[in-house]
**Q** 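Below you will find the structure I want to go over with you.
Both counts, for ligands and for their atoms, begin at 1 and track the order of listing. Values below: all heavy atoms of this structure, side chains included; hydrogens, waters and symmetry mates excluded.
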Amino acid sequence: NYSYPLQIRRNDEIGQLSESFNLMQTQLQHNDLARKSFISNVSHDFQSPLMNIQGYADLLKSPDLSDSDRMAYTSIIDQEAKRLSSLTRQLLLLTSLDQGAYPMKHTTVKLDEQLKRVVQKYRWRLEEEDINISYNLPPTSIQGDVELLENVWENLLTNAIKYNKPGGSIEISLKSTDAGVDVAFKDSGIGIAREAIEQLFERFYRVDSSRKTDGTGLGLSIVQQIVTLHHGTINVESIIGEGSEFTLHFPHTVSKR
Ligand code: ADP
């Protein structure tokens, strides 16, 4: 628990000191809230696949089970285990990026090919949610870590799917300019309020946790960390109810044609 803000109104160093003290206090409270909701999100994210695995493993013990049921239950268990493993991977990745411990391996990454591969991986989900995807991907390369960059595209694509509408669309485009390379993900989804955009990349932040239950608010903070490691920047444009566009810019120091 925190003490109350200092009520010192003075125009000297003491006044300034109490002002920064109050600011720090607000920040701490904010972090504390974020941490609590993060723990509850992560626990939920672990809990629900674990319950499913347990439940279906129990059902598998039943002696009079048809082959098709057995197959169906096994595949659910498999899916849920994969979900758990991807969540653990994200948490581990964030920790190692945080500690500067991630072993970056720089190579020439063909972005057009990589982006197409990532889309391919999520084809089934796009079809399931009836989302139309289009892209404009001329051959473009940058210097970077293949795995980290793949993580960025996966996060942006899965967000564009998760926060889209059924029958919606996604456009992915690549552009080389004099300044470097731009990669844009545009969706026709629910959009993000202007006030929320500022906090989007904060760790644990979720615009409105009731909008979607799956998610930890970690994805975009990982994206931000990785883009920064590649000396890039991120710009977000969004209109509520119409959609969002995330544009990543990589300067020429890392991009080459
Ligand atoms: P999460 O695990 O919640 O998806 P992220 O860090 O990836 O976490 O995103 C943070 C929040 O930003 C999300 O909870 C969501 O509300 C919002 N968001 C991210 N991408 C989009 C998007 N393309 N359209 C609308 N909202 C988005």
**Q** Hey, does Gly189 sit under 4.0 Å from ligand 1 if you only count heavy atoms?
**A** no
**Q** Determine, stepwise, if the pair Asn155 / Asn151 fulfils side chain to side chain donor-acceptor pair (under 3.5 Å).
**A** CA-CA 6 Å; Asn155 268 309; Asn151 199 295; 2.9 Å; yes
**Q** Heavy-atom pairs closer than 4.0 Å: do any link ligand 1 to the side chain of Phe246, the backbone, both, or neither?
**A** side chain
**Q** Looking at Asn164, is its backbone amide N or carbonyl O close enough to the side chain of Asp187 to form a donor-acceptor pair, meaning the two atoms are under 3.5 Å apart?
**A** no
**Q** Taking non-hydrogen atoms only, is Asp187 closer than 4.0 angstrom to ligand 1 via side chain, backbone, both or neither?
**A** side chain
**Q** Does a salt bridge link Arg83 with Glu80, judged by any charged N lying under 4.0 Å from a carboxylate O?
**A** yes
**Q** Judged on heavy-atom distance to atom 7 (O) of ligand 1, which of Asn159, Ile197, Asn164, Ile222 sits nearest?
**A** Asn159
**Q** State the atoms of ligand 1, each with its element, that fall below the 4.0 Å cut-off from a heavy-atom position in Ile192.
**A** 25 (C), 26 (N), 27 (C)
**Q** Check Val207 against ligand 1 and report side chain, backbone, both or neither, counting heavy atoms closer than 4.0 Å.
**A** both
**Q** Which of the atoms of ligand 1 are close to Lys162, meaning less than 4.0 Å from one of its heavy atoms?
**A** 1 (P), 2 (O), 4 (O)
**Q** Take atom CE of Met71 as the centre, draw a 6.0 Å sphere, and report whether it contains more than 12 heavy atoms from other residues, nucleotides or ligands.
**A** no
**Q** Output the list of atoms in ligand 1 that are nearer than 4.0 Å to some heavy atom of Gly219, sorted by atom number.
**A** 5 (P), 6 (O), 7 (O)
**Q** So, Lys105 side chain and Glu147 main chain: donor-acceptor pair closer than 3.5 Å or not?
**A** no
**Q** Please work out which of the three classes, parallel, tilted or perpendicular, describes the rings of Phe185 and Trp153, given edges at 30° and 60°.
**A** parallel
**Q** Is any side-chain N of the basic residue among Glu150 and Lys121 closer than 4.0 Å to the acidic one's carboxylate O?
**A** yes
**Q** By number and element, which atoms of ligand 1 are closer than 4.0 Å to a non-hydrogen atom of Leu218?
**A** 6 (O), 8 (O)
